[in-house]
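Within every chain, numbering begins at 1; the chains are lettered A, B, ... in the order of the sequence lines, protein sequences first and strands thereafter.
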Amino acid sequence: MQTRTYYIIFAWLMGLLIATVAASFLNLDRFFPGLNAAVALCIAAAKAMLVVLFFMHVRHAGKLTWIFASAAFVWLGIMLVLTLNDYLTRHPVDQPIQLSVQTK
Amino acid sequence: MTSASAPATEHEHADHAHQFDDAIQQHEAATLGMWTFLATEVLFFGALLTAYTIYRHYYFDAFRYASHEYLRWYLGAINTGVLLCSSLTVALAVHAAQHHDHAPGQSAAPPRIGQPKHLVPLLLVTMLLGLVFLCIKGTEYYIDYRENVVPGPSFFHPEHVPPGIDASHIRLFMTFYFILTGIHATHMIVGLGLFSWLTWNAHRGTFARTRSNAVEICGLYWHFVDLVWIFLFPLLYLIR
């Protein structure tokens, strides 16, 4: 890989850093609740992909390295999705007001 | 291997350790081992981030208020820029170390033929950027300490809390902030230690041949620490 590639990736990373700060100043949540957080996380994921594929050389690495690198994020995904699947679909235990209203 | 004569064996072993078939296999084993470690690190930070996500969902208003009030987004953004710069210098250092190995016409030369070009300066700039990051982080911690938002005996004034926000939730956010950034900063300090070792060896010229694997896997670690910050910055500093 040429050093030129590293400078291009670096320019993209700095651009995405400016984009994520700029996006945080826009009130995107008025279009769709949670859109601000989703945009910030998408930009972070894009930056992470650039770092992993180019700076960490996974793009040109062998299949075994691909599997190990992907496994880390797949298992992180399982932990996040299964945990949030529970927590985001029930009421917090310290806010029982709605529960007591329902049982009245 | 068994049929190799004694002088040939010495020459063969100059570019890879004896348990590997060749330098390429040694390089793959080194990077795979580092990725195995990094996979455990992903889950280590992942568990904390999962807990943070749950509480941020429950106490979103308090977390947003605390993030606005007590974290400075511009310092976080500058630190992200500093880390991205350091990742670039690491990538260039790995490039310098590796391309020294594969330079044409040097295969017959003795192993210690001098230093890869620019390797030591690039490693030093990386460490300098790492120190700048830690200094800015330390300044943030100091400001937090002056504002009494560091977990401890004088943790946070409840009288400043706006209506509708629980002071304990603000304390929870600050605790998450200090644990997440503190563990990240600890990783940075470990990275600085690794890079001091690399710089010393590069200075002595012992990375002239396949020891560039050491530069590569330390580089992987440094990039990973950068990666963690790429997620911590928007999650902690940019709550809207």
Between A/Phe73 and B/Leu43, is there a side-chain heavy-atom distance shorter than 4.5 Å?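 No, too far: nothing below the 4.5 Å cut-off.
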Could you tell me if the side chain of B/Leu235 sits less than 4.5 Å from the side chain of A/Leu41, heavy atoms only?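 Side chain of A/Leu41 against side chain of B/Leu235, heavy atoms only: contact under 4.5 Å found.
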Spacing of [atom1] belonging to [X] relative to [atom2] belonging to [Y], to within rounding of 0.5 Å:
{"X": "B/Trp35", "Y": "A/Ser70", "atom1": "CH2", "atom2": "OG", "result": "8.5 Å"}
{"X": "A/His57", "Y": "B/His27", "atom1": "NE2", "atom2": "NE2", "result": "8.0 Å"}
{"X": "A/Asn36", "Y": "B/Ile239", "atom1": "CG", "atom2": "CD1", "result": "11.0 Å"}
{"X": "A/Leu88", "Y": "B/Tyr58", "atom1": "CG", "atom2": "OH", "result": "8.0 Å"}
{"X": "A/Trp75", "Y": "B/Thr40", "atom1": "CH2", "atom2": "OG1", "result": "14.0 Å"}

Pick from B/Val94, B/Asp226, B/Leu38: which one makes a side chain to side chain contact (heavy atoms under 4.5 Å, CB included) with A/Met56?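 Looking at B/Val94, B/Asp226, B/Leu38, the match for A/Met56 under the side chain to side chain contact (heavy atoms under 4.5 Å, CB included) is B/Leu38.
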Where on [X] is there a heavy atom nearer than 4.5 Å to chain B: the side chain, the backbone, both, or neither?
{"X": "A/Leu64", "result": "both"}
{"X": "A/Leu16", "result": "neither"}
{"X": "A/Leu13", "result": "both"}
{"X": "A/Thr83", "result": "side chain"}

Verify the neighbour count for atom [atom1] of [X]: are there more than 12 heavy atoms of other residues, nucleotides or ligands below 6.0 Å?
{"X": "B/Leu48", "atom1": "CG", "value": "yes"}
{"X": "B/His184", "atom1": "NE2", "value": "yes"}
{"X": "B/Phe178", "atom1": "CZ", "value": "yes"}

Contact origin within B/His57 toward chain A - heavy atom pairs under 4.5 Å: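 Side chain only.
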Might you point out which heavy atoms bring A/Met79 and B/Ala47 nearest each other, and give the distance in Å?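 Answer, listing the atom of A/Met79 first, then B/Ala47: CE-N, 3.4 Å.
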Is the distance between the ring centroids of A/Phe55 and B/Trp222 under 6.0 Å?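 No, they do not, as the ring centres are separated by 6.0 Å or more.
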Pull out the residues in residues 45-52 of chain A that come under 4.5 Å of chain B, heavy atom to heavy atom, sorted by number.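 Residues of residues 45-52 of chain A touching chain B at under 4.5 Å: A/Ala45, A/Lys47, A/Ala48, A/Val51, A/Val52.
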Could you walk me through whether A/Val21 and B/Phe233 pass the side-chain contact (heavy atoms from CB on, under 4.5 Å) test, one step at a time? CA-CA 10 Å; A/Val21 171; B/Phe233 169 59; 3.8 Å; yes
For the interface with chain A, which of B/Thr53, B/Thr31, B/Val90, B/Thr36 has the highest count of heavy-atom pairs at distances below 4.5 Å?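 Highest number of heavy-atom pairs under 4.5 Å: B/Thr36.
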Checking an interface table here. Which of residues 74-88 of chain B come within a heavy-atom distance under 4.5 Å of chain A?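 From residues 74-88 of chain B, the residues near chain A are B/Ala77, B/Thr80, B/Gly81, B/Leu84, B/Cys85, B/Ser87, B/Leu88.
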Is there a side-chain contact (heavy atoms from CB on, under 4.5 Å) between B/Leu238 and A/Phe25? Walk through the geometry before answering. CA-CA 9 Å; B/Leu238 301 177; A/Phe25 281 95; 5.7 Å; no
